[in-house]
Enquirer: 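Structure incoming, see below.
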Amino acid sequence: MPTPVKRLTVDLSRYPDLVVVYLGMRVNRITGLKTLFGFGPRITKSVKEQPDGLLCHENFVFSFFPMHAGMRQYWRDMESLLRGTRSDPHRQWWKNFLRDSGGTGFWHETYTLRGGMEAIYDDIAPKIGFMAFAPVVPARGSMFTAAHRSSRGENLEAVVSEEDLYGK
């Protein structure tokens with residue numbers, strides 16, 4: 001006997017500045033397994049502390065070989081997301097990762113209800129997401145920070161400056 005589909009939708013009118021960010025970490029070398037699994041408990045603890053503006057956090061696995069895990073987060077607005085990335089523990093995680101990826105690659109893609117999008121791919125190959133169809137350019141200058149890539153143009157201090165990462 002057929003079962004009718006129970007279709008539901010959502011009313012997002014209370015969230016006009018909603019931001020959805022997908023994040024992923026892929027193991028590039030065997031040592032990356034330790035890095036990937038080490039982040040799990042730290043991220044769980046951070047989410048349980050309920051950062052201001054984080055509405056929902058979900059974990060998932062893209063693939064098992066190569067191991068590629070991810071999460072999706074919903075934020076009230078871009079300001080909350082950017083404030084969260086510039087505070088500890090995220091700020092420290094990002095600084096450490098950019099100094100040593102620990103055998104992994106990291107990426108995120110951000111989408112806003114108002115239509116903005118931006119992405120970063122660190123040590124990710126083969127091409128995934130936007131990289132699979134859009135021109136790939138170095139994340140330097142105006143493309144260095146998420147605030148600038150999302151066309152917000154805000155002069156927020158980067159978690160790690162270009163100069164600190166690459167030198168002069």
Side-chain angles (χ1 to χ4, degrees), residues 15 17-28 32 35-47 49 51-63 66-154 156-162 164-166:
Y15 306 98
D17 298 313
L18 184 69
V19 176
V20 180
V21 60
Y22 283 82
L23 306 103
M25 184 174 272
R26 182 160 53 196
V27 173
N28 291 334
T35 303
L36 175 68
F37 291 124
F39 267 99
R42 293 187 285 174
I43 291 169
T44 298
K45 181 179 183 285
S46 176
V47 168
E49 292 172 359
D52 181 46
L54 179 62
L55 303 172
C56 181
H57 170 94
E58 302 167 326
N59 294 315
F60 50 87
V61 174
F62 287 104
S63 66
M67 177 55 83
H68 187 177
M71 62 189 97
R72 176 175 53 205
Q73 295 182 335
Y74 298 87
W75 289 81
R76 179 180 57 238
D77 50 45
M78 185 64 88
E79 291 74 21
S80 298
L81 172 60
L82 293 173
R83 190 172 45 253
T85 62
R86 283 157 176 75
S87 63
D88 288 329
H90 183 277
R91 177 179 51 204
Q92 198 56 49
W93 297 342
W94 195 234
K95 282 183 174 183
N96 292 340
F97 177 84
L98 289 175
R99 289 185 184 111
D100 179 2
S101 68
T104 66
F106 172 83
W107 62 272
H108 81 239
E109 293 181 352
T110 307
Y111 313 90
T112 68
L113 191 59
R114 295 193 186 268
M117 297 180 210
E118 67 84 22
I120 192 72
Y121 306 91
D122 295 312
D123 290 341
I124 293 292
K127 294 177 179 181
I128 61 171
F130 294 142
M131 291 174 79
F133 60 88
V136 177
V137 299
R140 303 291 296 264
S142 65
M143 297 297 275
F144 189 71
T145 66
H148 282 97
R149 288 190 306 271
S150 65
S151 301
R152 298 182 65 80
E154 296 172 7
L156 295 172
E157 184 177 328
V159 174
V160 175
S161 73
E162 249 183 298
D164 287 344
L165 188 58
Y166 299 114

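This one's a predicted model, so the numbers in the text were calculated from it and none came from an experiment. Computed from heavy atoms alone, side chains included, the values below leave out hydrogens, waters and symmetry copies.
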Enquirer: Would you check, one step at a time, whether the test side-chain contact (heavy atoms from CB on, under 4.5 Å) holds for Tyr74 with Glu58?
Expert: CA-CA 9 Å; Tyr74 298 87; Glu58 302 167 326; 3.9 Å; yes
Enquirer: If I take atom CG from residue Asn59 and atom OG1 from residue Thr44, how far apart are they, to the nearest 0.5 angstrom?
Expert: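 Spacing of CG (Asn59) from OG1 (Thr44) equals 6.0 Å.
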Enquirer: Test of understanding: with side-chain hydrogen bond (donor to acceptor under 3.5 Å, both in side chains), list the residues that count as partners of Asp88, not counting sequence neighbours.
Expert: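 With neighbours one apart ignored, the set is Arg91.
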Enquirer: Return the set of residues passing ring pair (Phe, Tyr, Trp, His ring centres under 6.0 Å) with Phe144 (not counting sequence neighbours), or none when no residue passes.
Expert: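 Ring pair (Phe, Tyr, Trp, His ring centres under 6.0 Å) list for Phe144, sorted by chain: empty.
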Enquirer: Salt bridge check, Glu49 against Lys45: does any charged N sit closer than 4.0 Å to a carboxylate O?
Expert: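 Yes, Lys45 and Glu49 are salt-bridged.
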Enquirer: Determine the minimum heavy-atom distance between Val47 and Pro51, stating which atoms define it.
Expert: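 Distance-wise, the nearest heavy atoms are O-CD, 3.9 Å.
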Enquirer: If you take all heavy atoms of His90 and Thr85, which pair is closest and at what distance?
Expert: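 Closest heavy-atom pair between His90 and Thr85: ND1-O, 2.9 Å.
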Enquirer: Please answer whether the main-chain N or O of Arg42 pairs with a side-chain N or O of Ser46 as donor and acceptor at a distance below 3.5 Å.
Expert: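 Looks like no, no N/O pair under 3.5 Å.
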Enquirer: Would you say the side chain of Arg99 lies within less than 4.5 Å of the side chain of Val160, judging by non-hydrogen atoms?
Expert: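 Val160 vs Arg99: side chains apart.
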Enquirer: Hey, is the main chain of Cys56 close enough, under 3.5 Å, to the side chain of Arg72 for a donor-acceptor pair?
Expert: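 No.
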Enquirer: Check the pair Ile43, Trp93 against side-chain contact (heavy atoms from CB on, under 4.5 Å), reporting the backbone distance first and the verdict last.
Expert: CA-CA 10 Å; Ile43 291 169; Trp93 297 342; 4.0 Å; yes
Enquirer: Could you pull out the closest heavy-atom pair between Leu98 and Asp122, with the gap in Å?
Expert: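 Distance-wise, the nearest heavy atoms are CD2-OD2, 4.2 Å.
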Enquirer: Would the distance check show the side chain of Arg149 and the main-chain N or O of Ala119 forming a donor-acceptor pair, the cut-off being under 3.5 Å?
Expert: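 Side chain of Arg149 to backbone of Ala119, a donor-acceptor pair under 3.5 Å: yes, one is there.
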Enquirer: List the atom of Asp77, the atom of Val19, and the distance in Å for their closest heavy-atom pair.
Expert: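 Closest approach of Asp77 to Val19, heavy atoms only: C-CG2, 3.6 Å.
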Enquirer: Atom CG of Asn96 and atom OG1 of Thr35: how far apart are they, to the nearest 0.5 Å?
Expert: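 Separation between the atoms: 11.0 Å.
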Enquirer: For the backbone of Phe130 and the side chain of Glu109, can you confirm whether one donor and one acceptor N or O come within less than 3.5 Å of each other?
Expert: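 Judged by distance alone, yes, a pair lies under 3.5 Å.
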Enquirer: Give the minimum heavy-atom separation between Leu55 and Trp75, together with the two atoms involved.
Expert: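 Result for this residue pair: CD1-C, 3.9 Å.
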Enquirer: Any heavy-atom pair between the side chains of Phe97 and Thr104 that's under 4.5 Å?
Expert: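 Result yes, sub-4.5 Å side-chain heavy-atom pair found.
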Enquirer: Under a 3.5 Å distance rule, please check whether Asn28 uses its side chain to pair with a backbone N or O of Asp123 as donor and acceptor.
Expert: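 Present.
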Enquirer: Atom OG in Ser101, atom CE in Met25: separation rounded to 0.5 Å?
Expert: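 Reported value, rounded in 0.5 Å steps: 8.5 Å.
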Enquirer: Decide side-chain contact (heavy atoms from CB on, under 4.5 Å) for Val159 and Lys95; before the verdict, give the C-alpha distance in whole Å, the side-chain angles of both, and the deciding distance to 0.1 Å.
Expert: CA-CA 7 Å; Val159 174; Lys95 282 183 174 183; 4.0 Å; yes
Enquirer: Given salt bridge (Lys or Arg N to Asp or Glu O under 4.0 Å), test Arg76 with Asp52 step by step and report yes or no.
Expert: CA-CA 9 Å; Arg76 179 180 57 238; Asp52 181 46; 3.1 Å; yes
Enquirer: Would you give the length of the straight line joining atom OH of Tyr121 to atom CD1 of Ile128, rounded to the nearest 0.5 angstrom?
Expert: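 If I round to the nearest 0.5 Å, the distance is 6.5 Å.
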Enquirer: Using ring pair (Phe, Tyr, Trp, His ring centres under 6.0 Å) as the criterion, list what pairs up with Phe62, not counting sequence neighbours.
Expert: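 Scan of Phe62 (ring pair (Phe, Tyr, Trp, His ring centres under 6.0 Å), adjacent residues dropped) gives Phe60, His68, Trp107.
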Enquirer: If you look at every heavy atom in Ala146 and Glu118, which pair is closest and at what distance?
Expert: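 The pair with the smallest heavy-atom distance is CB-OE2, 3.5 Å.
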